[in-house]
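Take a look at the structure below.
Naming convention: chains lettered A, B, ... in sequence-line order (proteins, then strands); numbering from 1 in each chain.
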Amino acid sequence: MNEGDNKQMNTPEMDDWKERYTDLSRQLAMLRAAVLVASLTLTAYLFVQNRRTGKDVEALRSNVQQIVDGSKKEGELMSALAGKLLEYGQTHPDFQPILNRYGIKAVGAPAPTNRPATPGATLPLPTATPPKK
Amino acid sequence: MKNNTLRTVLEWGIVTSLLLSIFFFVKFCFRSREYRTLQPQLQSEMAKYQYNQRVIQSLVNDCMEYRKTNPSIDPVLRSFNIQLPSDATPGKPAGK
């Protein structure tokens, strides 16, 4: 650069531009910092929500498992009870109305539906239809 | 120079935070969907369980009613730990 150019660079107009540039740079840096803070806040919020949902899912899953296990045990108990009562009903015909009321039938007995026969006595357990309220 | 370093740090911070946000959001979406799937399953299992309990209770009640006229059913009921009124344990309700 020659002397003439240097003179031109130090004009008051140029100083004004430099000041504006510095000001804009500062503003941009502040904007970046603000965006970073907002972004970190969002990240923290999503992290907390994610953790809460994870805990809820775990609790729900364990509840479902417990109920499924309980249902299974209950089903086994029902089958065993049905078997014993059926055995008892064979020697006590007056007990038959109770067995009929619950649809407890021996294997081989004519069933009202086309359900495949299962070993032992059967008790109509619910499948997909919950009880009417 | 100092300005440049600060700028780089801030920009990297923003990018990292953004990526983490996307990651947590996607994870949150998957977990929410799983939660929504499990909820009806829990309700249906619960209804099934309660229905089973009601059927068993009703059957036991009928058997208890029956045993009033025919106590020969008592051994069958006892084999399932069903408390009979004749069993001397006051305060405990009859049933399963």
Side-chain angles (χ1 to χ4, degrees), chain A residues 25-26 28-29 31-33 35-54 56-57 60-61 63-68 70-71 74-75 77-78 80-82 84-85 87-89 91-92 94-95 97-99 101-102 104 123-131, chain B residues 3 6-7 9-39 41-56 58-60 62-63 65-67 69-70 72-73 75-77 79-82 96:
Chain A
S25 289
R26 200 170 44 240
L28 209 60
L31 200 67
R32 280 192 190 105
V35 169
L36 179 63
V37 169
S39 181
L40 284 175
T41 309
L42 178 71
T43 307
Y45 172 76
L46 287 172
F47 173 72
V48 170
Q49 285 298 320
N50 183 43
R51 231 172 59 162
R52 271 188 200 160
T53 316
D56 287 350
V57 167
L60 202 63
R61 199 182 287 150
N63 278 351
V64 169
Q65 195 54 47
Q66 269 179 0
I67 290 171
V68 166
S71 255
E74 202 113 84
L77 177 79
M78 277 175 106
L81 184 62
K84 285 267 187 183
L85 290 177
E87 225 175 271
Y88 177 81
T91 52
H92 297 78
D94 55 334
F95 191 65
I98 294 176
L99 293 178
R101 193 181 307 154
Y102 291 92
I104 302 171
L123 215 159
L125 292 174
T127 48
T129 49
Chain B
N3 254 353
L6 181 71
R7 186 182 141 179
V9 168
L10 285 176
E11 280 176 357
W12 271 106
I14 291 168
V15 169
T16 310
S17 171
L18 209 69
L19 288 175
L20 277 174
S21 289
I22 291 168
F23 172 72
F24 287 135
F25 180 71
V26 170
K27 229 172 142 187
F28 171 74
C29 285
F30 277 111
R31 280 181 169 170
S32 296
R33 206 168 58 177
E34 195 180 351
Y35 189 83
R36 282 197 301 274
T37 317
L38 280 172
Q39 226 168 13
Q41 199 183 333
L42 177 75
Q43 280 166 359
S44 115
E45 290 293 338
M46 195 77 165
K48 244 195 264 185
Y49 183 72
Q50 283 169 349
Y51 178 72
N52 279 357
Q53 276 193 327
R54 273 207 296 272
V55 169
I56 290 181
S58 171
L59 179 60
V60 168
D62 281 350
C63 290
E65 215 38 56
Y66 174 81
R67 76 173 281 280
T69 54
N70 201 340
S72 63
I73 199 172
V76 177
L77 297 178
S79 69
F80 285 93
N81 296 325
I82 295 168
K96 203 168 75 85

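Looking at A:Phe95, the atoms closer than 4.5 Å to chain B (heavy atoms on both sides) sit in the backbone and in the side chain alike. At a 4.5 Å heavy-atom cutoff, B:Thr16 makes no contact with chain A through either its backbone or its side chain. Looking at A:Ala80, the atoms closer than 4.5 Å to chain B (heavy atoms on both sides) sit in the backbone and in the side chain alike. If you measure heavy-atom distances from B:Ser58 to chain A, the contacts under 4.5 Å come from both the backbone and the side chain.
Put simply, of B:Glu45, B:Glu65, B:Gln39, B:Gln41, the one with the most heavy-atom pairs under 4.5 Å next to chain A is B:Glu45. The most heavy-atom pairs under 4.5 Å with chain B, out of A:Ile67, A:Val68, A:Leu85, come from A:Ile67. Per-residue counts of heavy-atom pairs under 4.5 Å with chain B were compared for A:Leu42, A:Leu46, A:Leu40, A:Val35; the largest is that of A:Leu46. Highest contact tally toward chain A, considering only B:Pro75, B:Ser79, B:Ser72, is held by B:Ser72 [criterion: heavy-atom pairs under 4.5 Å]. When A:Ser25, A:Ala33, A:Ala29 are compared by the number of non-hydrogen pairs under 4.5 Å with chain B, A:Ala33 comes out ahead. In terms of non-hydrogen atom pairs under 4.5 Å with chain A, the most contact-rich of B:Phe23, B:Phe28, B:Phe30 is B:Phe28.
Taking CZ from A:Arg101 and CG from B:Leu59, the interatomic distance works out to 9.5 Å, rounded to the nearest 0.5 Å. With rounding to the nearest 0.5 Å, the separation of CD1 in B:Ile73 from CD1 in A:Ile98 is 6.5 Å. We find the OH-CD distance between B:Tyr51 and A:Glu74 to be 12.5 Å, quoted to the nearest 0.5 Å. Taking CG of B:Leu38 as the start and CG of A:Asp56 as the end, the distance is 11.0 Å to the nearest 0.5 Å. Rounded to the nearest 0.5 angstrom, B:Leu42 CG and A:Leu60 CG are separated by 5.5 Å. Atom-to-atom distance recorded for A:Ser39:OG and B:Leu19:CG is 9.0 Å, nearest 0.5 angstrom.
When all heavy atoms of A:Val57 and B:Tyr35 are compared, the pair lying nearest together is CG2-CB, 3.9 Å.
Residue pairs satisfying the salt bridge (Lys or Arg N to Asp or Glu O under 4.0 Å) criterion with at least one member in residues 12-37 of chain B, sequence neighbours excluded, are listed as follows: A:Arg61-B:Glu34.
Put simply, the side chain of A:Tyr88 never gets that close to the backbone of B:Val76: no donor and acceptor are under 3.5 Å apart.
Side-chain atoms of A:Asp94 and B:Tyr66, non-hydrogen and from C-beta on, do get closer than 4.5 Å to each other.
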Before giving the answer on side chain to side chain contact (heavy atoms under 4.5 Å, CB included), spell out for B:Asp62 and A:Tyr102 the whole-Å C-alpha distance, their side-chain angles and the decisive distance to 0.1 Å. CA-CA 10 Å; B:Asp62 281 350; A:Tyr102 291 92; 2.7 Å; yes

Mind running side chain to side chain donor-acceptor pair (under 3.5 Å) on B:Ser32 and A:Thr53 for me, showing each step along the way? CA-CA 7 Å; B:Ser32 296; A:Thr53 316; 4.8 Å; no

